[in-house]
Amino acid sequence: MKYNRVLLKLSGEALSGDKGNGFDEATCIRVAEQIRDLVKEGCQTAVVIGGGNFWRGRTSETIQRNQADQIGMLATVMNCIYMSEICRHTGLMTQILTPFECGSFTKLFSRDRVEKYLAKNMVVFLAGGTGHPYFSTDTATALRAVEIQADVILAAKSVDGVYDSDPAKNPEAKKFDTLPISRVIDEKLGVVDLAAAVICYENKMPMCVFGLNEENSIINCVKGESTGTIITVD
């Protein structure tokens with residue numbers, strides 16, 4: 001394996017498969033099986049999941065942004081509880097951490113807890129975003145990756161990398177094999193939100209952007225064999 005510790009970012013929509021919302025269990029099992037294989041190979045794995053399969057607060061015009069984002073945070077908790085159980089179904093041990101109290105559902109996030117669980121070969125789900133409104137799960141991903149000293153962020157997307165234009169609209173769009181994070185920021189390429197990109201830039205956190213639906217895409221990325229886009233920080 002090329003990396004010893006990774007932070008895997010899954011979009012909520014990725015968990016819904018072709019349904020567009022909720023969960024597609026077959027898709028989730030395929031993801032969990034790849035995570036299981038990573039852990040078997042000794043790769044310590046933490047996971048952040050978006051909440052878009054349940055809620056996108058920024059599109060609401062009827063409620064306050066603070067409360068909209070709180071609903072989104074809870075959507076990520078639901079996703080992590082579900083994926084945690086799917087991973088347990090495949091034989092993994094898991095733990096869910098949040099930056100706020102969720103009763104007995106989760107434990108409070110701390111780096112010490114992450115270190116303890118990863119050392120026990122547990123998959124750690126980092127739910128609830130940053131715990132604050134106005135920050136996306138992209139930003140939470142970058143922040144947590146830096147905090148736990150991950151080797152790389154694995155950003156699983158519905159497209160197979162970063163293109164110079166929208167490949168769904170432009171059949172001539174060209175995919176980048178590598179792309180410096182400085183260019184992502186300067187040109188506002190939208191790979192991740194700007195706050196997340198700046199965190200990666202300032203803390204030299206690389207990223208691999210790849211298509212989740214490709215066979216063994218997560219494993220290939222960790223092996224350094226991804227056909228996606230590597231976001232460099234040098």
Side-chain angles (χ1 to χ4, degrees), residues 5-17 19-25 27-29 31-32 35-36 39 44-60 62-150 153 156 193 195-196 199:
R5 176 177 293 186
V6 301
L7 197 156
L8 172 63
K9 167 66 190 305
L10 299 170
S11 70
E13 291 93 333
L15 301 184
S16 64
K19 296 166 61 178
N21 55 64
F23 302 111
D24 179 72
E25 191 163 280
T27 298
C28 295
I29 289 174
V31 171
I35 294 173
R36 176 198 61 197
V39 174
Q44 297 178 337
T45 306
V47 183
V48 171
I49 308 176
N53 53 326
F54 286 113
W55 179 256
R56 284 200 171 276
R58 295 184 186 187
T59 61
S60 175
T62 55
I63 65 176
Q64 293 289 328
R65 174 68 184 272
N66 284 18
Q67 282 65 46
D69 283 357
Q70 287 170 355
I71 296 170
M73 292 177 213
L74 293 176
T76 73
V77 175
M78 291 192 294
N79 282 342
C80 284
I81 291 172
Y82 181 84
M83 274 305 299
S84 171
E85 287 304 303
I86 294 294
C87 284
R88 285 174 177 264
H89 171 75
T90 69
L92 288 164
M93 298 182 294
T94 65
Q95 190 59 259
I96 306 169
L97 304 181
T98 50
F100 45 77
E101 294 279 2
C102 283
S104 61
F105 294 167
T106 68
K107 294 184 183 296
L108 278 176
F109 170 83
S110 75
R111 181 182 168 187
D112 286 346
R113 277 190 168 136
V114 174
E115 291 289 345
K116 179 175 73 173
Y117 297 141
L118 291 179
K120 294 180 178 180
N121 293 322
M122 300 175 77
V123 177
V124 180
F125 288 86
L126 303 172
T130 66
H132 300 283
Y134 297 93
F135 293 97
S136 72
T137 49
D138 281 347
T139 307
T141 298
L143 175 64
R144 297 302 185 220
V146 172
E147 286 183 303
I148 71 172
Q149 296 182 314
I153 294 170
D193 68 39
I199 291 172

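Atoms considered below: every heavy atom in the structure, side chains included; atoms not considered: hydrogens, waters and symmetry mates.
The shortest heavy-atom contact between C80 and A127 is SG-CB, 3.6 Å. A pairwise comparison of heavy atoms in F100 and T106 identifies O-OG1, 4.3 Å as the closest pair. In this structure, G22 and S16 approach most closely via the heavy-atom pair O-CB, 3.3 Å. Among all heavy-atom pairs drawn from S84 and F125, the shortest one is CA-CE1, 3.6 Å. Across all non-hydrogen atoms, the minimal contact from N121 to V39 is O-CG1, 3.6 Å. Nearest approach of A46 to I148, heavy atoms of both residues: CB-CD1, 3.8 Å.
Side-chain atoms of D138 do not come within 3.5 Å of backbone N or O of A196 as any donor-acceptor pair. The backbone N or O of T137 sits less than 3.5 Å from a side-chain atom of T141, completing a donor-acceptor pair. Proximity of a side-chain donor or acceptor of S11 to a complementary backbone N or O of A14 within less than 3.5 Å is detected.
Using a 4.5 Å heavy-atom cutoff, the side chains of P133 and M73 are in contact. Side chains of M122 and T94 form no contact here, defined as non-hydrogen atoms less than 4.5 Å apart. Between V31 and L10, the closest side-chain pair of non-hydrogen atoms falls below 4.5 Å. Residues L108 and P99 have side chains not in contact (no heavy-atom distance under 4.5 Å, counting atoms from C-beta outward). At least one side-chain heavy atom of Y117 sits under 4.5 Å from a side-chain heavy atom of L97. L126 places a side-chain heavy atom less than 4.5 Å from the side chain of F109. At a threshold of 4.5 Å between non-hydrogen side-chain atoms, the residues V47 and T45 count as touching. In this structure, I29 and E25 have side chains that are in contact, with non-hydrogen atoms separated by less than 4.5 Å.
Classification of R5 and E115 as a salt-bridged pair holds, one side-chain N sitting under 4.0 Å from a carboxylate O. Comment: K116 does not engage D112 in a salt bridge, judged by the lack of any side-chain N to carboxylate O separation of less than 4.0 angstrom.
Considering T130, D193, D69 in turn, T130 is the only one that fulfils the side chain to side chain contact (heavy atoms under 4.5 Å, CB included) rule with F135. Residue L15 is tested with T27, D24, I49 for a side chain to side chain contact (heavy atoms under 4.5 Å, CB included); the sole match is I49.
One finds the SG atom of C102 at 9.0 Å from the CD1 atom of I96 (value rounded to the nearest 0.5 Å). To the nearest 0.5 Å, atoms CG (L118) and CZ (R111) are separated by 11.0 Å. Remark: L7 CG to Q44 CD distance equals 12.0 Å, nearest 0.5 Å. A distance of 11.5 Å separates CD in Q70 from CH2 in W55, rounded to the nearest 0.5 Å. Atom CD1 of residue I71 and atom OG1 of residue T76 lie 12.5 Å apart, to the nearest 0.5 angstrom. Taking CZ from R144 and CD1 from I153, the interatomic distance works out to 12.5 Å, rounded to the nearest 0.5 Å.
F54 and F23 have perpendicular rings, their planes meeting at more than 60° on a 0 to 90° scale where under 30° would count as parallel.
Under the 3.5 Å distance criterion, with hydrogens and angles disregarded, no donor-acceptor pair is assigned to the side chains of T90 and R36. Of the N and O atoms on the side chains of R113 and Q95, not one donor lies less than 3.5 Å from an acceptor on the other residue.
Within 6.0 Å of CD on Q67 lie more than 12 heavy atoms contributed by other residues, nucleotides or ligands.
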